[in-house]
There are 2 protein chains.
Amino acid sequence: MTKTKKGPVFTEIALEIFKLGGLLVNEGDLMGSPYGITSARWKIMGAIVRAGKPLTVPQIAKTMGLTRQAVQRLVDVMYADGVLAFQTNPEHKRAKLIKLSEVGEEIYGKLDKKQVDWAQTCSIHLTKQELDTTLSVLKKMADMFDH
Amino acid sequence: MTKTKKGPVFTEIALEIFKLGGLLVNEGDLMGSPYGITSARWKIMGAIVRAGKPLTVPQIAKTMGLTRQAVQRLVDVMYADGVLAFQTNPEHKRAKLIKLSEVGEEIYGKLDKKQVDWAQTCSIHLTKQELDTTLSVLKKMADMFDH
DNA sequence: ATAACATTGGTAATATGTTGTCATTATGAC
DNA sequence: GTCATAATGACAACATATTACCAATGTTAT
């Protein structure tokens, strides 16, 4: 009896993550559309805000699990759109630090307020324990593949 | 006291799902690369196999949570590559039924074997209960946004 | 200091996915 | 049967992401 029933469940989880990824992008796009912000751009802003300090492009990429090229592209268009600002990096001449512009800060504030309400509403029918377990499992999964 | 601590955890879960989505695509691409199959194409094949019968493009899209256009594009190239085959639909002249070709069946068989081992290995450090709870939460989340 | 190596930015090609639009074919109400 | 409506396929424009490559800049070992 080497078989377990865990493998198939793991597979179902993977498929559900694929589906949910798309659905969550939709949700984010909807919430951000009044401000011209897409899910991808919102996540860039979030990575910077959550870090509590300006970040370089590779640092943002690392945080989000994306390639630096993908982040670079977004950062460039978001700078052009005026929601991000650059700051010279005292420790590195080439790698500029990225922060939110004043406009970006304002937009992010409104988005974040919306998002907090959204998350609270979404979690009404889920228990704290269920959510904690889920987050713990997802983190373990990410660690498993993160290298 | 209207505040709960569930919202922030829900938000963390959403961010983890974004990251895991990318990591899982990588895993699938790696496993499929010996057969020229990417994650996206593998999932199309999986949707058909798991249905147990040929499906139309919109049916595949519905199953996977994608738009029919995205699926149509993949189905067309996979037909050109010879891994999918068409079958006239007795109940609908316009919507052809899609099934795996013989080559597709053979490739899928090998992929599936690999994937079963992979899922079992991945779930070693997770309990059945953790996995069940996680799947349940993810499904509830998907239902929440599925309309 | 210099040489080897790693990091960063930039660019291009490709894959995946969305929205929007149009024409065609099915379906259903009457 | 006819007409309004829905579903399907086809196509285009765009957004997001990857890999691959090159040039420029930093870092480290010697």
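Each chain gets a letter, A, B and so on, in the order its sequence line appears, and its residues count up from 1. Here the structure is a predicted model, which means the values were calculated and not measured.
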Would you mind reading off the distance between [X] atom [atom1] and [N] atom [atom2], rounded to a whole angstrom?
| X | N | atom1 | atom2 | result |
| --- | --- | --- | --- | --- |
| Lys62(B) | dT8(D) | NZ | P | 11 Å |
| Ile37(A) | dT16(D) | CD1 | C1' | 15 Å |
| Asp76(A) | dT11(C) | CG | P | 8 Å |
| Gln59(B) | dA6(D) | CD | P | 19 Å |
| Gln72(A) | dG10(C) | CD | C1' | 7 Å |
| Leu55(B) | dA7(D) | CG | P | 17 Å |
| Lys96(B) | dT25(C) | NZ | P | 13 Å |

Could you check Thr56(A) against Lys96(A) for side chain to side chain contact (heavy atoms under 4.5 Å, CB included), going step by step and ending with a plain yes or no?
CA-CA 6 Å; Thr56(A) 65; Lys96(A) 282 173 290 192; over 6 Å; no
Which part of the nucleic acid does Val25(B) contact within heavy-atom distance under 4.0 Å: base, sugar-phosphate only, or nothing?
nothing
Starting at the 5' end of nucleotides 16-23 of chain C, put B wherever the base has a protein heavy atom under 4.0 Å, S where only the sugar-phosphate does, and a dash everywhere else.
BSBBBB-B
Which atom names give the shortest non-hydrogen contact between Lys5(B) and Lys128(A), and what distance separates them?
CB-CE, 3.7 Å
Sorted by position of nearest nucleotide on DNA chain C, 5' first, the leading residue of Ala95(A) and Ala95(B) is Ala95(A)
Scan Leu100(B), Ile98(B), Leu97(B), Ile48(B) and name whichever one has a side-chain contact (heavy atoms from CB on, under 4.5 Å) with Pro54(B).
Leu97(B)
Take a 6.0 Å sphere around OH of Tyr79(A) and say whether it holds more than 12 heavy atoms from other residues, nucleotides or ligands.
no
Relative to each other, are the rings of Phe145(A) and Trp118(B) parallel, tilted or perpendicular (30° and 60° limits)?
parallel
Is Lys43(A) close enough and on-axis enough to Phe18(B), meaning under 6.0 Å and within 45°, for cation-pi?
yes
